Engineer: 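This is the structure I want to talk about, given as structure tokens.
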Amino acid sequence: MKLLHYTYHKLSLMFILLMAAWGFLFYYAVDDEVVDETDDTLENYAYLLIKQVLRDPSLLQTKGNLMSVYHFRPIAEAEGTTYREVFSDSTVYNELEGEYEPVRAMKTAFRMADGQYYELTLMVSTMERDDLQEAMLWYLGILFFLLLVCTSIGIRLVLRSTFRPLHRLLGWLHDLQPGKPVPPLDNPTPIREFRQLTQAALDMGNRSHKAYEEQKQFIENAAHELQTPLAIVRGKVELLAESETLSEQQMKELDAIYATLNRAVKLNKSLLLLSRIENGQFSDAEDVDVDELIDHLLPDLMDIYEYKDVRLVRRSGDAPFIIRCNPSLAQILVSNLLKNALLHNLDGGELHVLTTPDELWVKNSGEASLDKDKLFHRFYHPIDGKKDSNGLGLAIAHTIAQSASLQLTYEWQNGMHAFHLVKGNQ
């Protein structure tokens, strides 16, 4: 979920809860005020009635009408002296409408001049109060809905404007690529935190680019400095091997030294290639036909490893397997998989190269399953005694596959090592 939507949902939920609580409290506050005013009216009316009765005792026999129902009832002196005023909600039957109407009732006691106590029951119709409450609920509901809509739209507009610098910064970060200059970032904002974040991102981008360039330069210089002495030593070993004064044992030692130097040269080149791939120095990508690469590389490789007497099984799909990758890296990837399958194949074994529009299978005969967790690690030798292997072929292939959004995996299938190359979204 986007930060804008997440914040908007949280604020909207909080606003709805606050409005609901406010509406609830407001309704009951108004209702309490209406009840309090009604009770005050009852007290004033009761005071006037008692005042008139004290002047004219004959009024004790009268009763009120529908809007102000009252009546008097004589009570004992003991009850009258301890009587407490009571307010309550009640109903009165309306003969005109044939139904009960809500009223607010008050009961109080007073003493006449002759010492007799009377209870006054006074009731006032609350039909207007009910209408007020209903109208208040409707208006509160409409007000709540309008406030919710207007505030939600306002919050969304404000949040969108507030987070616009963050979106520009995210777009700028997405455009950063290793090996390319840091693009300019024009992200004006009055928000201090966003200004600090923008400056921190710019500093990080510049430091990363500088570190990348320094690492790239170091790798190239180190590789060059290593290649030169290795080439010199290999040349001197070749000159020394041409000497006629060397014994057979010395020739064997020189041959071992020369083979070791060759492995060192290959190792230096492989490590340099691996570092360049991981640093993203092969950024140019295009559509590469894997079937075409296989058909181009297989004949030469089969000739090189002809002494192993490997039987080739080649099958392809209705359409070629196309990947998006740097052409040079794609050739190294396919070549390493094929070389690995031939180098580590059994004498008289089989090599199966199968392609479909979405995947590549390279299978070779083997004796036992390999360790999936270590197979693509650097300098891992799954099979002992292979002097031609420096343990980097599969590591380079796996790194190239990752850089091209491909998946390279290993399986053990029916006595064969199976390497599976498939597009990342499969």
Side-chain angles (χ1 to χ4, degrees), residues 177-180 212 216 219-220 223 265-305 310 312-345 351-364 372 375-378 380 382 388-411 417-426:
Q177 293 184 9
K180 294 186 178 180
Y212 171 84
K216 176 182 175 183
I219 292 172
E220 292 176 352
V265 171
K266 291 181 180 179
L267 180 62
N268 182 58
K269 291 180 179 180
S270 297
L271 287 173
L272 176 61
L273 174 63
L274 197 56
S275 298
R276 286 177 174 174
I277 295 171
E278 291 177 343
N279 291 334
Q281 293 179 232
F282 297 88
S283 56
D284 298 330
E286 59 184 64
D287 290 338
V288 178
D289 188 337
V290 175
D291 288 81
E292 184 178 338
L293 277 179
I294 294 172
D295 294 337
H296 174 72
L297 294 171
L298 261 180
D300 293 337
L301 292 174
M302 292 298 294
D303 290 340
I304 293 173
Y305 294 96
V310 173
L312 173 64
V313 177
R314 173 75 174 98
R315 288 201 299 268
S316 57
D318 298 333
F321 179 31
I322 306 296
I323 62 174
R324 187 75 178 174
C325 183
N326 179 275
S328 300
L329 294 184
Q331 182 169 351
I332 295 173
L333 169 61
V334 175
S335 176
N336 282 6
L337 290 177
L338 296 176
K339 283 182 181 178
N340 178 79
L342 287 168
L343 177 62
H344 299 291
N345 209 324
L351 171 62
H352 295 188
V353 182
L354 316 174
T355 56
T356 71
D358 300 314
E359 59 186 352
L360 164 67
W361 285 95
V362 178
K363 304 179 182 180
N364 64 277
K372 292 183 179 181
L375 185 60
F376 297 109
H377 291 184
R378 299 182 186 183
Y380 174 66
D388 295 335
S389 174
N390 56 21
L392 289 176
L394 289 178
I396 292 174
H398 190 260
T399 303
I400 294 174
Q402 287 182 326
S403 68
S405 299
L406 302 171
Q407 292 182 0
L408 178 60
T409 57
Y410 165 81
E411 298 178 16
H417 303 295
F419 291 88
H420 185 212
L421 182 66
V422 63
K423 296 179 181 179
N425 59 354
Q426 299 295 317

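This is a predicted model, so every value here is computed, not measured.
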Engineer: Would you mind reporting whether Asp287 and Arg324 have side-chain heavy atoms less than 4.5 Å apart?
Structural biologist: yes

Engineer: What pair of heavy atoms forms the shortest contact from Ala330 to Cys325, and how long is it?
Structural biologist: N-SG, 3.9 Å

Engineer: Would you mind reporting whether Arg314 and Asp291 have side-chain heavy atoms less than 4.5 Å apart?
Structural biologist: yes

Engineer: Measuring from atom NE2 of His417 to atom CD of Glu411, what distance do you get when rounded to the nearest 0.5 angstrom?
Structural biologist: 13.0 Å

Engineer: Would you say the side chains of Glu359 and His420 form a donor-acceptor pair under 3.5 Å?
Structural biologist: yes

Engineer: How about Asn336 and Ile400: do any of their side-chain heavy atoms sit closer than 4.5 Å?
Structural biologist: no

Engineer: Could you tell me the separation between the OG atom of Ser316 and the CG atom of Asp295, rounded to the nearest 0.5 Å?
Structural biologist: 7.0 Å

Engineer: For the atom pair OG1 (Thr409) and CG (Leu375), what is the distance rounded to the nearest 0.5 Å?
Structural biologist: 10.5 Å

Engineer: Within the structure provided, determine whether Val362 and Asn340 are in side-chain contact (heavy-atom separation under 4.5 Å).
Structural biologist: no

Engineer: If every non-hydrogen atom of Lys423 is compared with every non-hydrogen atom of Pro357, which pair is closest and at what distance?
Structural biologist: NZ-O, 4.1 Å

Engineer: What pair of heavy atoms forms the shortest contact from Ala401 to Leu408, and how long is it?
Structural biologist: CB-CB, 4.0 Å

Engineer: Roughly how far apart are Ile332 CD1 and Leu337 CG, rounded to 0.5 Å?
Structural biologist: 12.0 Å

Engineer: Taking the side chain as everything from C-beta on, heavy atoms only, tell me whether Trp361 gets closer than 4.5 Å to Arg315.
Structural biologist: no

Engineer: Who are the side chain to side chain contact (heavy atoms under 4.5 Å, CB included) partners of Leu297, not counting sequence neighbours?
Structural biologist: Leu301, Gln331, Val334, Ser335, Leu338

Engineer: Please name the residue in the list Asn345, Leu343, Val310, Leu351 that meets the side chain to side chain contact (heavy atoms under 4.5 Å, CB included) test with Tyr305.
Structural biologist: Leu343

Engineer: Hey, could you give me the CG/CD1 distance between Asp358 and Ile323, rounded to the nearest 0.5 Å?
Structural biologist: 12.5 Å

Engineer: Picking from Leu421, Asp289, Leu354, Val422, what satisfies side chain to side chain contact (heavy atoms under 4.5 Å, CB included) with Phe321?
Structural biologist: Leu421

Engineer: Is the shortest heavy-atom distance from the side chain of Phe419 to the side chain of Leu394 under 4.5 Å?
Structural biologist: yes

Engineer: When rounded to the nearest 0.5 angstrom, what is the spacing between NZ in Lys339 and NE2 in His344?
Structural biologist: 12.0 Å

